[in-house]
Amino acid sequence: MIEVLVVDDEPLVLLTIRSLCDWPKHGMHIAHECGNGRLALDFVREHPEIDIVITDVDMPVMDGLTLAETLRSEGCAAAIVFLSSYSNFEYVRRAFKSGACDYILK
């Protein structure tokens with residue numbers, strides 16, 4: 001089973017992602033949800049089995065870009081997918097420089 005971590009500060013977005021599809025049918029399990037990058041970083045450090053991190057860009061405490069950069073600098077191999085309402089080129093560039101697999105607009 002592919003372990004997925006979802007990171008977003010908007011509860012409605014978390015609910016939408018959770019309800020988006022039949023995750024187990026596709027061999028995936030939403031292991032946890034976090035409301036900011038700091039909580040997500042702590043969770044991944046404690047759960048190295050996370051395979052995919054789906055994260056927002058703009059969040060309080062720690063943004064998704066800093067989260068991705070920190071995960072990469074610590075050797076985390078999880079795939080990182082950004083889900084954002086920002087089409088700002090600098091955000092997209094920074095996301096891919098941090099090793100993102102994709103940058104999807106909400």
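- A pairwise comparison of heavy atoms in D8 and E10 identifies OD1-N, 2.9 Å as the closest pair.
- When each of V53, L65, V7 is paired with F82, the side chain to side chain contact (heavy atoms under 4.5 Å, CB included) condition holds for L65 and for no other.
- For the pair D9 and N36, the minimum side-chain heavy-atom distance is 4.5 Å or more.
- The heavy-atom pair separating H29 from E3 by the smallest distance is ND1-OE1, 2.9 Å.
- For the pair S19 (side chain) and T16 (backbone), a donor-acceptor distance under 3.5 Å is absent.
- Of all non-hydrogen atoms in C101 and A79, the two that sit nearest each other are SG-CB, 3.6 Å.
- Under a hydrophobic clustering in which Ile, Leu, Val, Met, Phe, Trp and Tyr are joined whenever their side-chain heavy atoms come within less than 4.5 Å, directly or via other members, Y91 and M62 fall into the same cluster.
- Residue L71 is not grouped with residue I52 when hydrophobic side chains (ILVMFWY) are merged at heavy-atom distances under 4.5 angstrom, including chains of intermediate members.
- To the nearest 0.5 angstrom, L105 atom CG is 8.0 Å from S85 atom OG.
- Atom CD of E49 sits about 13.5 Å away from atom CD1 of I2, to the nearest 0.5 Å.
- Between D56 and K106 there is a side-chain heavy-atom pair separated by less than 4.5 Å.
- Distance check: E33 CD to I17 CD1 gives 8.0 Å after rounding to the nearest 0.5 Å.
- Salt bridge annotation for E69-R72: absent, with no cationic side-chain nitrogen under 4.0 angstrom from a carboxylate oxygen.
- Distance check, rounded to the nearest 0.5 Å: CZ of R45 to CG of L41 gives 3.5 Å.
- E90 and R93 get closest at one heavy-atom pair: OE2-NH2, 2.7 Å.
- Between V57 and Y103, the closest side-chain pair of non-hydrogen atoms falls below 4.5 Å.
- For S98 against A95, the heavy-atom pair with the smallest separation is OG-O, 2.7 Å.
- Ring orientation note: the planes of F43 and H32 are close to parallel, at an angle under 30° on the 30°/60° scale.
- A heavy-atom distance below 4.5 Å is not found between the side chains of V44 and L67.
- I104 and L12 fall into different hydrophobic clusters, where Ile, Leu, Val, Met, Phe, Trp and Tyr side chains are chained together by heavy-atom contacts under 4.5 Å.
- I54 and V61 end up in different hydrophobic clusters when Ile, Leu, Val, Met, Phe, Trp and Tyr side chains are linked at under 4.5 Å.
- The cluster map of Ile, Leu, Val, Met, Phe, Trp and Tyr, joined by side-chain heavy atoms under 4.5 Å apart, puts M28 and L5 in different clusters.
- Separating the CG atom in L20 from the CD1 atom in I30 is a distance of 8.5 Å, to the nearest 0.5 Å.
- Here the shortest heavy-atom pairing between I50 and A78 reads O-CB, 3.5 Å.
- For the pair R94/T66, a side-chain contact is recorded, criterion being any heavy-atom separation below 4.5 Å from C-beta on.
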